[in-house]
Amino acid sequence: MNYIIAQTLPAAHFKRRFGIETNTFKAIVKVLKPEWRATPTPGAKPKLGLEDRILVAFEYWREYRTYFHIATSWGISESTVCRIVHWVEETLIRSRRFRLPGKRQLVRGFGIPTVAIVDVTETRIERPKRHQRAFYSGKQKGHTLKCQLIIDALTGQIICTFFGKGRRHDFKLFKASGIHFHPQTESLQDKGYQGIQKLHLYCRLPHKKPKGGQLTPEQKAFNRQLARQRVGIEHVNRRLKIFRILSGRYRNRRHRFGLRCNLIAGLYNFERSQGSSVG
């Protein structure tokens, strides 16, 4: 499907097809246009225009088919698809247009009392040839990469990310990330973050059932209320994982995983700030 045909799609269908809204697509075109040379010298004129190249990259993220299958769909070579995807990713990162606020924003605060939700999501990878144990997640029963997300509970926007290997415990990943919250920021976590109260006093953790005992009705009510507040980050994970490159088994080189997660998170934030209503 080239850009001419894609333009005829209803907004909801465009979102389903490529994972982004039409307004986001236009913003990406605006960012990449200054870096695009339609007739490079020397060299032959490229087969695909800028808009089509962006669609190729997002088709790869959204469907996560192999370069071969996408190449046959667009009538280009596998190596060309690879170059297109990498060029779009690297140019968007350099533009800093879709960057996340970052962990410095957590230290500075947001001017008003903020509630931050912390969670980790995992993406399966192919079994590594070396150091397999470092990537093996007992929870997922397979080799994974972890992505730690911190979101603003009020706006739903992603503040920052951090990445690690599947074997590393969630709280150890948090400590390795070097995250520091503003004293007025309240943080919500699951049971995997036992010990965070030593690093940040204004935090809320669910009560753990004591060994051989039971939780009180008040503790159970507290846990249910906390779960209702934390569910927002599960919705964010779902929005990110409409891109099969994050929800399926990740086949690419691991060093590009963080770059792609951050780009997709930045695009998600952009659509939240624009008042997204599709998808």
Side-chain angles (χ1 to χ4, degrees), residues 1-99 123 238-253 256-279:
M1 177 184 293
N2 59 28
Y3 178 59
I4 296 174
I5 300 175
Q7 282 181 300
T8 65
L9 292 175
H13 290 182
F14 188 93
K15 172 76 171 180
R16 288 181 64 189
R17 182 69 172 79
F18 298 104
I20 56 173
E21 297 183 1
T22 52
N23 288 338
T24 308
F25 178 80
K26 292 174 183 176
I28 293 170
V29 171
K30 188 175 180 180
V31 168
L32 297 184
K33 207 159 194 176
E35 304 293 328
W36 167 245
R37 295 186 302 163
T39 54
T41 304
K45 184 177 179 180
K47 291 183 179 180
L48 301 180
L50 176 60
E51 291 82 2
D52 285 342
R53 286 172 172 254
I54 296 170
L55 293 182
V56 166
F58 277 89
E59 185 174 310
Y60 180 66
W61 285 2
R62 180 73 172 93
E63 301 177 6
Y64 204 34
R65 293 187 293 157
T66 64
Y67 288 147
F68 171 78
H69 288 90
I70 293 178
T72 54
S73 298
W74 288 84
I76 53 181
S77 67
E78 291 179 70
S79 59
T80 300
V81 174
C82 180
R83 286 196 299 270
I84 287 173
V85 171
H86 285 200
W87 180 81
V88 170
E89 292 171 347
E90 290 163 5
T91 310
L92 285 177
I93 282 290
R94 286 199 306 269
S95 73
R96 302 169 72 87
R97 177 65 178 84
F98 302 102
R99 65 179 303 193
T123 298
R238 195 276 303 176
R239 291 288 298 273
L240 298 184
K241 289 192 173 185
I242 65 170
F243 293 96
R244 290 186 62 85
I245 197 168
L246 299 184
S247 61
R249 189 183 296 274
Y250 189 73
R251 305 185 305 267
N252 299 77
R253 292 177 181 268
R256 293 190 76 88
F257 179 76
L259 178 148
R260 286 164 170 157
C261 281
N262 282 331
L263 271 177
I264 291 172
L267 292 166
Y268 161 81
N269 278 359
F270 177 81
E271 293 192 346
R272 292 286 298 186
S273 67
Q274 299 296 308
S276 169
S277 59
V278 179

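Heads up: numbering here begins at 1 and tracks the sequence.
With sequence neighbours excluded, no residue forms a salt bridge (Lys or Arg N to Asp or Glu O under 4.0 Å) with R99. Under the side chain to side chain contact (heavy atoms under 4.5 Å, CB included) criterion, T66 pairs with F68, H69, R251, sequence neighbours left out. Take E90 and apply the salt bridge (Lys or Arg N to Asp or Glu O under 4.0 Å) test, not counting sequence neighbours, and it matches R256. When the side-chain hydrogen bond (donor to acceptor under 3.5 Å, both in side chains) test is applied to Y60, the partners found at least two apart in sequence or on another chain are N252. Residues meeting the side chain to side chain contact (heavy atoms under 4.5 Å, CB included) test with I4, sequence neighbours left out: N2. For N262, the side chain to side chain contact (heavy atoms under 4.5 Å, CB included) partners two or more places apart in sequence, or in a different chain, are L100, T161, F163. Applying the side-chain hydrogen bond (donor to acceptor under 3.5 Å, both in side chains) test to Q7 and every residue at least two apart in sequence or in another chain returns Y3. With sequence neighbours left out, the salt bridge (Lys or Arg N to Asp or Glu O under 4.0 Å) criterion links E59 to R17, R65. With sequence neighbours left out, K30 forms a side-chain hydrogen bond (donor to acceptor under 3.5 Å, both in side chains) with no residue at all. The side-chain hydrogen bond (donor to acceptor under 3.5 Å, both in side chains) test applied to R249 returns no partner, not counting sequence neighbours. In this view, R260 and E89 satisfy the salt bridge (Lys or Arg N to Asp or Glu O under 4.0 Å) rule, not counting sequence neighbours.
In plain terms, the two heavy atoms of C261 and L246 that are nearest each other are SG-CD2, 3.5 Å. Of all heavy-atom pairs spanning G248 and T123, the tightest one is O-CG2, 3.6 Å. Contact detail for V85 and A57: the closest heavy-atom pair is CG2-CA, 4.1 Å. Between F14 and A6, the shortest heavy-atom contact is CD1-O, 3.7 Å.
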Take Q274 and E21, measure what side-chain contact (heavy atoms from CB on, under 4.5 Å) needs, and give me the verdict at the end. CA-CA 10 Å; Q274 299 296 308; E21 297 183 1; 5.9 Å; no
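In this structure, CG on L32 lies 9.5 Å from CZ on R94, to the nearest 0.5 angstrom. Note: L267 CG to L240 CG = 10.0 Å, rounded to the nearest 0.5 Å. To the nearest 0.5 angstrom, I20 atom CD1 is 10.5 Å from I264 atom CD1. We find the CG-CG distance between L259 and L92 to be 9.5 Å, quoted to the nearest 0.5 Å. For the atom pair CH2 of W36 and OG1 of T91, the computed distance is 10.5 Å after rounding to the nearest 0.5 Å. With values rounded to the nearest 0.5 angstrom, S77 atom OG is found 12.0 Å from Y67 atom OH.
The aromatic ring centroids of F25 and F58 lie 6.0 Å or more from each other.
Contact annotation: the side chain of I76 approaches that of I84 to within less than 4.5 Å [non-hydrogen atoms, C-beta and beyond].
Between the side chain of R97 and the backbone N or O of I28, no donor-acceptor pair lies under 3.5 Å.
Side-chain polar atoms of S247 and R244 form no donor-acceptor pair below 3.5 angstrom.
Sequence neighbours left out, the pairs with a member in residues 72-98 that pass ring-ring contact (aromatic ring centres under 6.0 Å, His included) are F98-F270.
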